[in-house]
Amino acid sequence: MGKKGSIIQTAVIAGIQAVKKTSELIPLCHQINLSKVQIDIVPNGQALEISCTVKCTEKTGVEMEALTGVSVSALTIYDMCKALSHDIRITNVQLEEKTGGKNDYRS
């Protein structure tokens with residue numbers, strides 16, 4: 001628990017909000033009706049792993065929404081923890097899997 005409240009819960013909420021605003025943040029991204037947004041943040045050693053699952057029923061992928069959700073969640077954690085240390089690093093934001101749209105992808 002940080003001075004501003006629950007760090008993880010705040011990051012989850014921020015990530016969900018970001019997913020919903022992706023078309024406003026990234027030029028030429030279409031606004032999409034989403035059927036699911038889930039942000040998971042789990043400890044892994046001295047790091048936190050953030051994953052974002054986004055689903056829709058339209059004929060397009062939602063990878064930009066998922067990547068935006070992860071990025072904003074990570075930035076929220078940084079913001080809430082920077083008073084403790086500025087040595088926090090955000091690394092390896094990447095697409096793990098995508099199904100639907102023109103092509104499927106799995107890393």
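Only this structure's heavy atoms are used, side chains among them; waters, hydrogens and symmetry mates stay out. For clarity, every value in this text was computed on a predicted model and none was experimentally measured.
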Colleague: To the nearest 0.5 Å, tell me how far Lys21 NZ sits from Ile16 CD1.
Modeller: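 If I round to the nearest 0.5 Å, the distance is 14.0 Å.
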Colleague: Would you mind reporting whether Glu58 and Asn33 have side-chain heavy atoms less than 4.5 Å apart?
Modeller: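 Yes. Closest side-chain heavy atoms under 4.5 Å.
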Colleague: Measure across Tyr78 and His86 and return the closest heavy-atom pair with its distance rounded to 0.1 Å.
Modeller: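 Smallest heavy-atom distance, with atoms named: OH-CD2, 3.5 Å.
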Colleague: Gln38 side chain to Val54 main-chain N or O, any donor-acceptor pair under 3.5 Å?
Modeller: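 Checking the backbone N and O of Val54 against the side chain of Gln38, no donor-acceptor pair under 3.5 Å is found.
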Colleague: Can you name the one residue among Val72, Thr10, Ile41 that meets side chain to side chain contact (heavy atoms under 4.5 Å, CB included) with Ile77?
Modeller: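 Answer to the side chain to side chain contact (heavy atoms under 4.5 Å, CB included) test with Ile77 among Val72, Thr10, Ile41: Ile41.
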Colleague: Can you tell me how far apart CD (Glu63) and OH (Tyr105) are? Round to the nearest 0.5 Å.
Modeller: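 Going from the CD atom of Glu63 to the OH atom of Tyr105 covers 10.5 Å.
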Colleague: Determine whether Val19 and Thr68 make a side-chain contact, defined as any pair of heavy atoms from C-beta on separated by less than 4.5 Å.
Modeller: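 Val19 does not reach Thr68 side chain to side chain.
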Colleague: Between Ile8 and Leu48, is any pair of side-chain heavy atoms under 4.5 Å apart?
Modeller: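 The answer is yes; the side chains approach within 4.5 Å.
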Colleague: Mind checking the CG-CZ spacing from Leu95 to Arg106? Nearest 0.5 Å is all I need.
Modeller: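 It is 11.0 Å, given to the nearest 0.5 Å.
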Colleague: Give the minimum heavy-atom separation between Ser73 and Gly15, together with the two atoms involved.
Modeller: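 That closest heavy-atom pairing would be OG-CA, 3.3 Å.
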Colleague: Restricting to non-hydrogen atoms, name the atom on Ala66 and the atom on Cys52 that form the minimum distance, rounded to 0.1 Å.
Modeller: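 Between these two residues, the closest heavy atoms are O-CB, 3.6 Å.
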Colleague: Is any side-chain heavy atom of Ile7 closer than 4.5 Å to a side-chain heavy atom of Cys81?
Modeller: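 Result yes, sub-4.5 Å side-chain heavy-atom pair found.
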Colleague: Determine the minimum heavy-atom distance between Ser71 and Val93, stating which atoms define it.
Modeller: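 For Ser71 and Val93, the tightest heavy-atom pair comes out as OG-CG1, 3.8 Å.
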Colleague: Roughly how far, to the nearest 0.5 Å, is OG1 of Thr99 from NZ of Lys55?
Modeller: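 Result: 7.5 Å between the selected atoms.
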Colleague: How is the hydrophobic cluster of Val42 composed, in terms of its other members, when Ile, Leu, Val, Met, Phe, Trp and Tyr link through side-chain heavy atoms under 4.5 Å apart, directly or indirectly?
Modeller: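 Once heavy-atom contacts under 4.5 Å are chained together, Val42 still belongs with nothing else.
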Colleague: Would you say CD of Gln94 has more than 12 non-hydrogen atoms from neighbouring residues, nucleotides or ligands within 6.0 angstrom?
Modeller: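 Atom CD in Gln94 is crowded, with more than 12 foreign heavy atoms closer than 6.0 Å.
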Colleague: Return the OG1 to NE2 distance between Thr60 and His30, rounded to the nearest 0.5 Å.
Modeller: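 If we round to the nearest 0.5 Å, Thr60:OG1 and His30:NE2 are 7.5 Å apart.
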Colleague: Say whether, by atom type as modelled, one donor and one acceptor occur between the side chain of Lys98 and the main chain of Asn103 under 3.5 angstrom.
Modeller: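 Yes, the answer is positive, given that a donor and an acceptor are paired below the 3.5 Å cut-off.
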Colleague: Verify whether one side chain among Glu65 and Thr22 offers a donor that lies under 3.5 Å from an acceptor in the other.
Modeller: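 Looking only at side-chain atoms, Thr22 and Glu65 do not form any donor-acceptor pair under 3.5 Å.
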Colleague: For the atom pair CD (Glu49) and CG (Asn92), what is the distance rounded to the nearest 0.5 Å?
Modeller: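 If I round to the nearest 0.5 Å, the distance is 9.5 Å.
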